[in-house]
Peer 1: 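One structure is given below, represented as structure tokens, and several questions about it will come after.
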Amino acid sequence: QMLLEESGGGSVQAGGSLRLSCTASAYTSNPYTTYTWGWFRQAPGKEREGVASINHSGGRTSYATSVKGRFTISRDNANHTLYLQMNTLEPEDTAMYYCAAALGTWPSLIAPAYNYWGQGTQVNVSS
């Protein structure tokens, strides 16, 4: 069982920035470096959507079209931490943000591909 804990959410005005973090406490037999990590979000009344993903080595990333050029995903394998730098935030970015981990070597924005999930951190962007 891998435990993931997100932090860094909050309220910001449109055009502002936030940096989300996700720290993993792994209790599995697989090293951290075998996991692909992703950020997902879910707004009230909407389905969960993939925002960004990064592969096991950090060499490959994938972004949703709606955040490309504004968000940057990164990972620190030594400290078991995943980040999402969010710039030029828009009211449409308001949602609960979740980090997730999947065994595999390719980034994915597909939620069923992920094995472990955090509890989420809320992001509110006002106009």
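Keep in mind that this is a model prediction, so the values were computed, not measured.
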Peer 1: Heavy-atom count check: over 12 atoms from other residues, nucleotides or ligands less than 6.0 Å from Glu90 CD?
Peer 2: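 Correct, the count exceeds 12.
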Peer 1: Kindly indicate whether the side chain of Gln119, heavy atoms from C-beta on, has any atom under 4.5 Å from the side chain of Glu5.
Peer 2: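 No, every pair of side-chain atoms sits at 4.5 Å or beyond.
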Peer 1: Treat each ILVMFWY residue as a node, draw an edge where side-chain heavy atoms are under 4.5 Å apart, and state whether Leu84 and Val123 are in one component.
Peer 2: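 Both belong to a single hydrophobic cluster.
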Peer 1: Donor-acceptor pair, distance only, cut-off 3.5 Å: does the side chain of Arg70 make one with the backbone of Thr88?
Peer 2: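 Yes: the side chain of Arg70 pairs with the backbone of Thr88.
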Peer 1: Can a donor-acceptor pair be found, under 3.5 Å and without considering hydrogens, that links the side chain of Arg75 to the backbone of Thr36?
Peer 2: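 No, the answer is negative, given that no donor and acceptor are paired below the 3.5 Å cut-off.
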Peer 1: Provide the closest heavy-atom pair for Ala113 versus Ser108 in the form atom of the first, atom of the second, distance.
Peer 2: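 Where Ala113 meets Ser108 most closely, the heavy atoms are CB-OG, 4.0 Å.
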Peer 1: May I ask you to decide if Pro107's main-chain N or O and Ser53's side chain share a donor-acceptor pair within less than 3.5 Å?
Peer 2: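 Not at all, since once roles are kept as given, no pair shorter than 3.5 Å links the two residues.
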Peer 1: Could you report the tightest heavy-atom contact between Trp39 and Ile73, atom names first, then the distance?
Peer 2: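 Looking at all heavy atoms of both residues, the closest pair is CD1-CD1, 3.6 Å.
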Peer 1: With a 4.5 Å cut-off on side-chain heavy-atom distances among I, L, V, M, F, W and Y, is there a chain of contacts connecting Val67 to Leu20?
Peer 2: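 Val67 clusters together with Leu20.
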Peer 1: Going by the angle between their ring planes, with limits at 30° and 60°, are Tyr114 and Phe40 parallel, tilted or perpendicular?
Peer 2: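 Rings of Tyr114 and Phe40: perpendicular, over 60°.
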Peer 1: If I compare all heavy atoms of Leu89 with all of Val12, which pair ends up nearest, and what's the gap?
Peer 2: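 So the two residues come closest at CD1-CG1, 3.6 Å.
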Peer 1: So how far is it from Tyr116 OH to Trp37 CH2, rounded to the nearest 0.5 Å?
Peer 2: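 These two atoms lie 12.5 Å from each other.
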Peer 1: Work out which heavy atom in Cys99 is nearest to a heavy atom in Leu82; give both atom names and the distance.
Peer 2: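 Reported closest heavy-atom pair: CB-CD2, 4.0 Å.
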Peer 1: With a 4.5 Å heavy-atom cut-off, do Tyr63 and Thr72 have their side chains touching?
Peer 2: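 A side-chain contact exists here, since the closest heavy-atom pair is under 4.5 Å.
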Peer 1: Just by distance, do the side chain of Glu6 and the backbone of Thr121 share a donor-acceptor pair under 3.5 Å?
Peer 2: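 The answer is no, because no donor-acceptor pair under 3.5 Å joins these two groups.
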Peer 1: Is it the case that over 12 heavy atoms from other parts of the model lie below 6.0 angstrom from the CD atom of Gln122?
Peer 2: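 Atom CD in Gln122 is crowded, with more than 12 foreign heavy atoms closer than 6.0 Å.
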Peer 1: Please round to the nearest 0.5 Å and tell me the distance separating atom CG of Asn79 and atom OG1 of Thr23.
Peer 2: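 With rounding to 0.5 Å, CG (Asn79) is 8.5 Å from OG1 (Thr23).
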Peer 1: Between atom CD1 of Ile54 and atom OG of Ser62, what is the distance when rounded to the nearest 0.5 Å?
Peer 2: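 Rounded to the nearest 0.5 Å, the CD1-OG separation comes to 11.0 Å.
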Peer 1: If you measure from CD on Glu47 to CD on Gln42, what distance do you get to the nearest 0.5 Å?
Peer 2: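 Nearest 0.5 Å value for the CD-CD distance: 8.5 Å.
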Peer 1: Between Asn124 and Thr94, does any side-chain donor sit less than 3.5 Å from a side-chain acceptor?
Peer 2: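 Absent: no donor and acceptor within the cut-off.
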Peer 1: What's the spacing between Ser7 OG and Tyr97 OH if we round to 0.5 Å?
Peer 2: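 Ser7 OG to Tyr97 OH: 15.0 Å, rounded to 0.5 Å.
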Peer 1: For Pro91 and Ala14, which heavy atoms make the closest approach, and how far apart are they?
Peer 2: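 Looking at all heavy atoms of both residues, the shortest contact is CD-CB, 4.1 Å.
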Peer 1: Val125, Val51: one ILVMFWY side-chain cluster at the under-4.5 Å cut-off?
Peer 2: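 Same cluster.
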Peer 1: Locate the shortest heavy-atom distance separating Ser21 from Thr81; write the atom from each residue and the value.
Peer 2: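 Nearest heavy atoms, Ser21 then Thr81: CB-CG2, 4.4 Å.
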Peer 1: Under 3.5 Å, side chain of Asn115 to main-chain N/O of Leu103, donor-acceptor pair present?
Peer 2: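 Yes, because the side chain of Asn115 sits within donor-acceptor range (under 3.5 Å) of the backbone of Leu103.
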